[in-house]
Amino acid sequence: MTVRVRFSPAPTGFLHVGSARSALFNWLYARRTGGTFILRIEDTDADRSRPELVQSIYDSLRWLGVDWDEEYRQSERFDSYRRAVQRFLDNGQGYYCDCSRDAVKARVGENAGYDGHCRDRGVVPPAEPDGGVVVRFRTPDQGVTGWDDLIRGRVEFDNSVLDDFVIVRSNGVPMFHVANAYDDLDMAITHVVRGEDLVNTTPRVLLLREALGASDHPLYAHLPLIVNEQRKKLSKRRDDVSVGDYAKRGYLPEAMRNYLITLGWGSKDDIEIRPIEEIIEQFDLVDINKAPAFFDVRKLDHFNGEYIRMLHPDRFFELSLPYAGGASTGGASTGGVDPELYRKLAQFVQERVKRFDEVPDMIDWVVGEPPEPDDKDWRKVMTKDGVSKVLDLVMERLATAEWEADVLAQVVLGAGDELGVKSQLPVRLALTGRRSGMPLFEPMAEMDRATVLARLSRARERLD
RNA sequence: GCCCCCAUCGUUCAGCGGCCUAGGACGCCUGCCUUUCACGCAGGUAACACGGGUUCAAAUCCCGUUGGGGGUGCCA
């Protein structure tokens with residue numbers, strides 16, 4: 001039997017990292033087994049689905065390198081779902097119910113679900129839609145519904161705790177359970193890999209499948225959730241979760257993909273950062289962890305830095321150039337950057353950024369204006385003995401020195417040696433506004449003499 | 001309230017009854033390298049939630065406690 005898995009996002013928002021990981025695990029399993037990976041857009045709720053978001057889901061999946069073999073849209077399959085529901089109605093597994101929410105609550109209280117009030121009342125189908133009449137599914141009163149979860153082991157629910165749930169809304173549109181059960185059956189899905197937040201809907205889907213005549217069920221694998229630092233499920237409101245936003249901030253798709261996979265799964269050999277081909281080779285659903293995992297951006301940053309350093313220099317230049325002209329957070333805006341100038345700086349940048357959006361702060365002092373030095377940095381670097389003297393000497397020699405990196409280094413470091421003072425840091429702070437950053441002299445050689453001297457003398461004046 | 005699930009360093013993954021005086025990675029700290037920072041390299045810090053069993057032997061199996069999470073919609 002060939003593996004068929006699906007990723008079924010609802011287009012109600014941008015793809016977030018949790019969904020992306022679900023997609024990834026499905027995709028990994030399909031690729032590992034030579035199976036089929038299906039993208040199924042679950043857009044049965046017209047009020048909440050936004051068609052234009054489907055494109056953004058495509059974009060995020062493609063960005064991550066997740067490709068799909070088949071695609072379906074549930075909004076195009078309503079006829080099938082309605083036929084399925086009609087069968088339930090015909091054989092008594094489904095029934096009409098005209099109870100309002102308040103009426104149910106009045107009968108059973110706040111903490112209980114539906115009480116089966118309309119099971120045998122013979123409520124008739126509404127003349128027109130939206131007359132407040134829904135279709136419910138008759139769940140068994142006894143027995144258990146369960147499955148052997150690939151990740152969690154045996155999970156069981158007493159049928160007595162399962163309410164007769166709604167399968168068709170009062171507006172005539174079938175609920176996602178129906179679509180889900182019908183499609184998994186119709187599409188011959190063999191493995192359902194999805195978030196743990198869906199475990200409790202599984203018995204409903206299982207029951208629906210049986211009502212649909214399924215002789216067996218797919219294997220289920222419920223993934224542990226990705227949580228924030230409060231250990232709560234990642235939320236679109238509270239947390240930074242949109243895959244697209246990470247792409248914009250300068251994360252590499254390979255790094256994001258690799259990191260996401262390490263949340264809940266690890267290879268036996270303890271190697272985390274590795275080509276996707278190796279991961280595909282080693283991946284198996286049964287090895288996935290049960291416990292929720294915290295989305296640690298700092299570790300993502302580390303992965304990203306590693307991937308950035310693995311980039312061919314030309315590729316790094318290409319990918320980071322658009323960020324180079326971005327506004328810097330520390331200093332003034334760098335405005336548009338001359339690509340030829342940036343090309344010379346890129347090699348130094350590549351070695352020390354973890355994200356592309358760190359590029360502007362790295363180069364602003366060469367291509368634009370440096371930020372005002374931090375007071376603490378200033379005190380630490382500039383208030384040492386001899387700083388004024390070194391600055392004077394450096395300026396004097398720089399006025400006539402040959403404008404070339406080696407010479408500049410010699411001038412600055414030489415002056416320091418002669419006076420027995422560390423000269424690199426004061427010059428760096430005066431020039432770049434920061435205590436750390438790229439190597440000093442190569443970029444400095446790309447600046448013009450007047451600008452360099454002006455910055456040095458400005459710092460020198462401040463010392464008096 | 002009811003249902004379901006989870007529990008190894010701060011974080012993440014490894015460990016699937018003896019190889020564990022618990023390993024890797026991120027973070028943090030120290031040193032080396034070095035024009036600063038970063039990279040790299042060499043070290044260090046730090047965990048089996050608790051209590052009972054089972055067993056010759058438990059981080060690993062069972063039960064309970066505690067703690068955490070998810071669900072409980074005419075959303076998916």
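The structure presented is a predicted model; accordingly, all values stated were derived computationally and were not measured. Chain A is the first sequence line, chain B the second, and so forth, proteins listed ahead of strands; every chain is numbered from 1.
Residue-level contact check: A:Thr44 touches the backbone only, with heavy atoms under 4.0 Å from sugar-phosphate atoms and none from bases. At the heavy-atom level, A:Lys233 lies under 4.0 Å from the strands shown only through sugar-phosphate atoms. Using a 4.0 Å heavy-atom distance criterion, A:Val134 is classed as a base contact. At the heavy-atom level, A:Gly305 lies nowhere under 4.0 Å from the strands shown. Within the 4.0 angstrom heavy-atom criterion, only backbone atoms of the sugar-phosphate kind lie near A:Phe294; the bases stay farther away.
Contact check, A:Arg231 against B:U12: a side-chain N or O comes under 4.0 Å of OP1 or OP2. The shortest distance between the side-chain N/O atoms of A:Arg101 and the OP1/OP2 oxygens of B:C74 is below 4.0 Å. Residue A:Arg169 places at least one side-chain N or O under 4.0 Å from the OP1 or OP2 atom of B:A76. Considering only side-chain N and O atoms, A:Lys299 lies nowhere under 4.0 angstrom from the phosphate OP1 or OP2 of B:U11.
Base pairing analysis places B:C26 opposite B:G10; the two distances defining the Watson-Crick or G-U wobble pair are each below 3.5 Å. Under the Watson-Crick and G-U wobble criteria, each requiring two contacts below 3.5 Å, nucleotide B:C2 is paired to B:G71.
A perpendicular orientation is assigned to the rings of A:Phe283 and A:Tyr29, their planes being inclined by more than 60° (bins at 30° and 60°). Classification of the A:Phe303-A:Tyr259 ring pair by plane angle, with boundaries at 30° and 60°, yields perpendicular. Ring geometry for A:His222 against A:Tyr220 counts as parallel: the plane angle stays under 30°, on a 0 to 90° scale with 60° as the upper cut.
If you check the side chains of A:Ser267 and A:Arg274, you find a donor sitting under 3.5 Å from an acceptor. Side chain to side chain, A:Tyr81 and A:Asp183 meet the donor-acceptor criterion of an N or O pair below 3.5 Å.
Between the P atom of B:C4 and the CG atom of A:Leu225 lies a distance of 18 Å, rounded to the nearest Å.
The nearest heavy atom of RNA chain B to A:Glu272 and to A:Ala293 marks one nucleotide each, and the one closer to the 5' end goes with A:Ala293. Residue A:Ala112 is the one, among A:Ser170 and A:Ala112, whose nearest nucleotide of RNA chain B lies closer to the 5' end (criterion: closest heavy atom).
The stretch residues 280-289 of chain A comes close to RNA chain B through A:Asp287, A:Asn289, each having a heavy atom under 4.0 Å from the strand.
Note that CD1 of A:Ile288 is 8.5 Å distant from CG of A:Leu150, once rounded to the nearest 0.5 Å.
Considering only residues two or more places apart in sequence or on other chains, A:Arg238 meets the side chain to side chain contact (heavy atoms under 4.5 Å, CB included) condition with A:Asn228, A:Lys232, A:Ser235.
Although no hydrogens or angles enter the test, the distance criterion places a donor-acceptor pair under 3.5 Å between the side chain of A:Arg138 and the main chain of A:Arg119.
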**Request:** Sugar-phosphate atoms are those with a prime plus P, OP1 and OP2; base atoms are the rest. Using that split, label each nucleotide of nucleotides 30-48 of chain B B, S or - for protein heavy atoms under 4.0 Å, 5' to 3'.
**Result:** -----BBBBSS--------

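No hydrogens or angles were tested; on distance alone, nothing pairs the side chain of A:Glu110 with the base of B:G1 as donor and acceptor under 3.5 Å.
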**Request:** Check step by step if salt bridge (charged side-chain N to carboxylate O under 4.0 Å, His left out) holds for A:Arg209 and A:Asp184.
**Result:** CA-CA 9 Å; A:Arg209 286 178 63 96; A:Asp184 282 351; 5.0 Å; no

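Nucleotides B:C2 and B:U8 are separated by 32 Å at their C1' atoms, to the nearest Å.
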